[in-house]
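Step one of this worksheet: look at the structure below.
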2 protein chains.
Amino acid sequence: MADGTRRPGRPRSEAARLAILEATHDELVEHGYGGLTMERIAARAGVGKQTIYRWWRSKAEVALDSLLNVAAEGIPIPDEGDLGADLDVFLRHTFGMQGSEGPVLMGLLAQSLLDREFADVFRDRFLAGRRAALSEVLDHAVARGEIPAGTDLVLLQDMVYGVLWYRLLFRHAPLNDDTARDLASLIARSVRNGNNCTVRTV
Amino acid sequence: MADGTRRPGRPRSEAARLAILEATHDELVEHGYGGLTMERIAARAGVGKQTIYRWWRSKAEVALDSLLNVAAEGIPIPDEGDLGADLDVFLRHTFGMQGSEGPVLMGLLAQSLLDREFADVFRDRFLAGRRAALSEVLDHAVARGEIPAGTDLVLLQDMVYGVLWYRLLFRHAPLNDDTARDLASLIARSVRNGNNCTVRTV
DNA sequence: TAGATTTCGAGACGAAGCGTCTAGAAATTG
DNA sequence: CAATTTCTAGACGCTTCGTCTCGAAATCTA
């Protein structure tokens, strides 16, 4: 989309775009996702509602863009030569991140559940990136021979992110460093072949 | 609340209660949770809106009651002498159930995310029962010595229900008998005692 | 039986928020 | 300058919510 073929007319205002994303972020912090309304975003950003509807299809997509705009996106991909240790580092960081973004994530998920179209957008623009990072960690373990061939890697990923989301959603147990350590340990052991009981050293 | 201390006045109409729950169920089937409105429930049940608001705080609670009213609640607790086999049976049944109730569950979860009060109700009235069933299965394994002392049983449960909900929510992979088998196998192996064959990484 | 009390069905009501629309100003092209 | 497009501002009709009012019905107490 280079502006080589720039159309006539007034170009889109970058200032307005940023003002909308920032206003959305502030509104999310103040009122939560449930209290987010197009009218308030527009008022706070000093922008007409039409300007928002012109570029986003729903408030959920604005919120998603706002979230992605803030989350600078540094997902670490540790490679310490041991699946358990790699998972531990990965989970520790991931759990930490979700702490601050948690409330917004929950709102976006709620929207996903009620709106199939947004669900696809959310999956592709947010979840896919996270899964890809974890996928790399698992690939390293496969290359090292820690994960036997034929293991369902997608299921393994789901065990990681499943616990994460489940606790994020139902808040019955914490998501802290201890959780990360225990979960990393369980996952690493779950793929270890139980027959010959291979001993791995650090 | 036996009617020994029955108050004066017209008693609550059981017919109206059932009509509301049934109308809610039908509306859920026809329009999904997103299209559920108090007005349509009232109209379909032949009931005043006030009658609904008198007994339920929100449409989410009506939907939850409607769901619990239909789900006859037969959660099996297999005991075949082997954790892997028990989990396989348990998961197979659970995954099968969620197939039909899935859409409603997703709506109720969406509501949970937006409404903290309902989240507590949903957790206590729906999730707790399921978790208790799985807990029994795990307890049997503990008694048989299949799960070493000190294992975080809550985390184990979360690995099971985490995968279930994660796939229910994001629909990126199926929840079928194969999934149940693989997941049961992974979980069973993850707790297999590592005393003599695992090296603790710090 | 006569009141007191409570729920019943039906629907009016104001408050919100949605998404669309209009109007006139502003910015950019050729 | 004319054509085109986006801009802010806000009015508009629509839907749903949750509350409220009304008179009728059902049940308890006296």
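In this text, all values refer to a predicted model and were calculated from it rather than measured experimentally. Each chain gets a letter, A, B and so on, in the order the sequences are listed, and its residues count up from 1. When reading the values below, keep in mind they use all heavy atoms of this one structure, side chains included, and skip hydrogens, waters and symmetry mates.
- Following rounding to the nearest Å, A/Arg54 (CZ) and C/dC21 (P) show an atom-to-atom distance of 12 Å.
- OP1 and OP2 of D/dT6 both lie 4.0 Å or more from every side-chain N or O belonging to A/Ser13.
- Defined by atom type and a distance below 3.5 Å, a donor-acceptor pair is present between the side-chain atoms of B/His172 and A/Asp158.
- Put simply, CD1 on B/Ile41 is 13 Å from C1' on D/dC17, counting in whole angstrom units.
- By the 6.0 Å and 45° rule, A/Arg130 stacks over the aromatic ring of A/Phe126.
- Whole-Å rounding puts the B/Gln50 CD to D/dT21 C1' distance at 10 Å.
- Using modelled atom types, one finds a donor on one side chain and an acceptor on the other under 3.5 Å when comparing A/Thr179 with A/Asn176.
- Here D/dT19 presents its C1' atom at 14 Å from CD1 of B/Ile52, a figure rounded to the nearest Å.
- Rounding to whole angstrom units, CD of residue B/Glu27 and P of D/dT16 are separated by 11 Å.
- Tested against A/Arg144, the residues A/Asp139, A/Asp82, A/Asp79 include a single salt bridge (charged side-chain N to carboxylate O under 4.0 Å, His left out) partner, A/Asp79.
- Between A/Gly46 and A/Gly9, it is A/Gly9 whose nearest contact on DNA chain D lies nearer the 5' terminus.
- Taking atom CD1 of residue A/Ile20 and atom C1' of nucleotide D/dT6, one finds them 12 Å apart after rounding to whole Å.
- In the set C/dC8, C/dT5, D/dG18, the nucleotide with an atom closest to the side chain of B/Pro8 is C/dT5.
- Of the residues in residues 105-119 of chain A, none has a non-hydrogen atom less than 4.0 angstrom from any atom of DNA chain C.
- Under the 6.0 Å distance and 45° angle rule, B/Arg12 counts as a cation-pi partner of B/Trp56.
- No hydrogens or angles were tested; on distance alone, nothing pairs the side chain of B/Arg10 with the base of C/dT6 as donor and acceptor under 3.5 Å.
- Stacking of A/Lys59 on the aromatic ring of A/Tyr33 is recorded, both the 6.0 Å distance cut-off and the 45° axial limit being met.
- For the pair B/Arg17 CZ and C/dT7 P, the computed distance is 16 Å after rounding to whole Å.
- In summary, A/Arg40 and A/Glu30 do not engage in a salt bridge, as defined by a charged side-chain N under 4.0 Å from a carboxylate O.
- Here B/Trp55 does not reach the OP1 or OP2 of C/dT6: none of its side-chain N or O atoms lies under 4.0 Å away.
- Between D/dT8 and A/Thr51, a contact under 4.0 Å exists linking OP1 or OP2 to a side-chain N or O.
- Rounding to whole angstrom units, CD of residue A/Glu39 and P of D/dA11 are separated by 12 Å.
- Nearest-nucleotide assignment on DNA chain C puts the 5′-proximal partner with B/Glu14, out of A/Met38 and B/Glu14.
- A donor and an acceptor atom sit less than 3.5 Å apart, one in the side chain of A/Lys49 and one in the base of C/dG19.
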